[in-house]
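Here is the structure we will look at.
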Amino acid sequence: MLVTGSEILVPARNGKYGVPSFNTNNLEITQAIIHTAEKLRSPVLVQISEGARKYAGTEDLTNLVADLARRASVPVAIHLDHGSSYESCLSAIKAGFTSIMIDASHHQLAENILETRRVVEAAHAMGITVEAELGRLGGIEEHIEVDEKDAFLTDPDEAVQFVEETGVDYLAIAIGTSHGAYKGKGRPFIDHARIAKIGAMLSIPLVAHGSSGVPPEIVQRFRDSGGEIGEAFGIADDDLAQACQHGIAKVNVDTDLRLAFTVGVREVLQKNPKEFDPRKILGPARDLMAQLIEHKMKVLGSAGKA
Ligand code: G3H
Ligand code: 13P
Ligand code: ZN
């Protein structure tokens with residue numbers, strides 16, 4: 001069933017489990033997400049980025065996801081990932097999204113508040129729930145001093161002010177994660193004390209971006225099938241499970257599915273150079289994505305909650 005983000009995330013926050021929000025760009029990714037959610041009885045969010053809208057077309061992709069979501073036996077929300085403007089958020093709602101993110105986190109606090117409030121007011125008038133972001137996510141390099149790191153990560157008092165002044169439904173916080181396959185030169189540092197503090201001060205669901213695990217076995221299979229990738233590291237399962245105990249309720253994952261998709265395709269083509277049936281090439285990729293999705297739902301504790 002197609003539901004809003006809050007209908008999935010508020011129970012998750014209260015029940016201390018996380019729900020994955022996976023990026024999609026096409027049919028196979030969407031099927032892997034929604035069919036695995038049904039298999040595991042897990043709620044799920046399917047998120048579409050601005051880049052995905054450009055690639056697949058907002059209407060084509062939204063209609064595809066919405067049709068699968070409506071027919072699903074578990075709650076599914078269609079979420080706009082990193083919405084870039086008020087206009088983009090409104091056009092996503094018009095297309096059928098049930099959850100949107102306005103990402104004005106690159107602006108100063110006052111401007112982030114203004115832009116977010118404007119989107120919240122419009123979205124709420126249409127019954128759609130909203131995510132915003134406070135803090136800076138990526139690019140926290142190892143050479144940056146602790147004081148400087150602090151300036152990138154979300155300030156708990158600012159988070160309270162931000163939620164009060166915007167009325168946002170769920171808040172993405174910067175806690176040490178970053179986007180992509182290279183999250184650190186080893187196990188990335190996750191600021192659990194900061195999560196717990198913000199979680200104690202705010203009762204709304206919190207969101208962790210950049211939460212792919214970049215599993216070493218998938219990275220190895222990527223290399224073994226001819227792919228080139230450097231020293232890739234993701235977020236450990238136990239870090240995610242712990243974060244969900246203290247307020248993280250929405251966990252964003254894209255990179256893991258990209259890796260699984262590509263490994264699936266590479267392995268088929270390497271083993272069967274004569275293959276040119278798209279179904280034989282994309283089917284195994286869909287199966288491998290489903291395995292990663294299943295693992296994430298078990299780690300976050302959303303399996304069995306729908
Ligand atoms: O947060 C970024 C997501 O991984 C989406 O990436 O903008 O390339 O679709 P994209
Ligand atoms: P990953 O790059 O870790 O998959 O994060 C995706 C994300 O946060 C999308 O908003
Ligand atoms: Zn993100």
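Numbering of ligands and ligand atoms starts at 1, following listing order. All residue numbers in this chain count up from 1 along the given sequence.
- Between R258 and ligand 1, at least one N/O pair is under 3.5 Å apart.
- The single protein non-hydrogen atom nearest to atom 9 (O) of ligand 1 is S49 OG, 2.6 Å, given as residue, atom name and distance.
- Counting only heavy atoms of the protein, atom 8 (O) of ligand 2 lies nearest to G210 N, 2.8 Å.
- Residue E231 places its CD atom among 12 or fewer non-hydrogen atoms of other residues, nucleotides or ligands, all under 6.0 Å distant.
- Minimum heavy-atom separation, N25 to A52: OD1-CB, 3.2 Å.
- Those atoms of ligand 2 with a heavy atom of K183 less than 4.0 angstrom away are 1 (P), 2 (O), 3 (O).
- Distances from ligand 2 to the non-hydrogen atoms of M101 include no value under 4.0 Å.
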Test D238 against R187 for salt bridge (Lys or Arg N to Asp or Glu O under 4.0 Å), laying out the working first. CA-CA 12 Å; D238 56 347; R187 182 176 169 141; 2.8 Å; yes
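- Formation of a donor-acceptor pair under 3.5 Å by the N272 side chain with backbone atoms of E275 is not found in this model.
- When non-hydrogen atoms are compared, ligand 2 lies under 4.0 Å from neither the backbone nor the side chain of S49.
- With a 4.0 Å heavy-atom cut-off, ligand 2 is reached by the backbone of V253 but not by any atom from C-beta on.
- Of all protein heavy atoms, the one lying nearest to atom 9 (C) of ligand 2 is D81 OD2, 3.2 Å.
- The shortest N or O to N or O distance between N23 and ligand 1 is not below 3.5 Å.
- Regarding atom 7 (C) of ligand 2, its nearest protein heavy-atom neighbour is H179 CD2, 3.3 Å.
- H107 and E115 form no side-chain donor-acceptor contact under 3.5 Å, judged by distance and modelled atom types alone.
- Contact annotation: for M101 versus ligand 1, there are no heavy atoms closer than 4.0 Å.
- Without hydrogens or angle criteria, T177 side chain to H209 main chain gives a donor-acceptor distance under 3.5 Å.
- Every atom of ligand 1 is numbered from 1 in the order shown, and the set under 4.0 Å from a heavy atom of H82 is 1 (O).
- Within ligand 2, counting atoms from 1 as listed, the ones closer than 4.0 Å to a heavy atom of H82 are 10 (O).
- When non-hydrogen atoms are compared, ligand 2 lies under 4.0 Å from the side chain of N23 (C-beta onward) but not from its backbone.
- Counting protein heavy atoms only, atom 2 (O) of ligand 2 is closest to T255 OG1, 2.6 Å.
- Judged by the 6.0 Å distance and 45° axis criteria, K250 is not positioned over the aromatic ring of Y170.
- Not a single heavy atom of H209 sits closer than 4.0 Å to an atom of ligand 1.
- Counting protein heavy atoms only, atom 3 (C) of ligand 1 is closest to D254 OD2, 3.3 Å.
- Using a 3.5 Å distance cut-off with no hydrogens or angles, the side chains of S212 and R258 do not pair a donor with an acceptor.
- When each atom of ligand 2 is checked for a heavy atom of Q47 under 4.0 Å away, the hits are 9 (C), 10 (O).
- The residues E294 and K298 are annotated as salt-bridged, a charged nitrogen and a carboxylate oxygen being separated by less than 4.0 angstrom.
- The atoms of ligand 2 that sit less than 4.0 Å from any heavy atom of H209 are 8 (O), 10 (O).
- Counting heavy atoms closer than 4.0 Å to ligand 1, residue N252 contributes nothing at all.
- Not a single heavy atom of R258 sits closer than 4.0 Å to an atom of ligand 2.
- Side chain of T154 to main chain of I173: no donor-acceptor pair is present (N/O by atom type, distance under 3.5 Å, no hydrogens or angles).
- For ligand 2, the atoms closer than 4.0 angstrom to any heavy atom of G180 are 2 (O).
- At distances below 3.5 Å, at least one donor-acceptor pair connects side-chain atoms of E7 with backbone N or O atoms of T4.
- For the pair NE2 of H179 and ND1 of H209, the angle whose vertex sits at the Zn ion (ligand 3) is 130° to 10 degrees.
- K183 places no side-chain N or O within donor-acceptor distance of the main-chain N or O of G234, the cut-off being under 3.5 Å.
- At distances below 3.5 Å, not a single donor-acceptor pair connects side-chain atoms of N252 with backbone N or O atoms of G210.
- Closest approach of E38 to S73, counting heavy atoms only: OE2-N, 2.8 Å.
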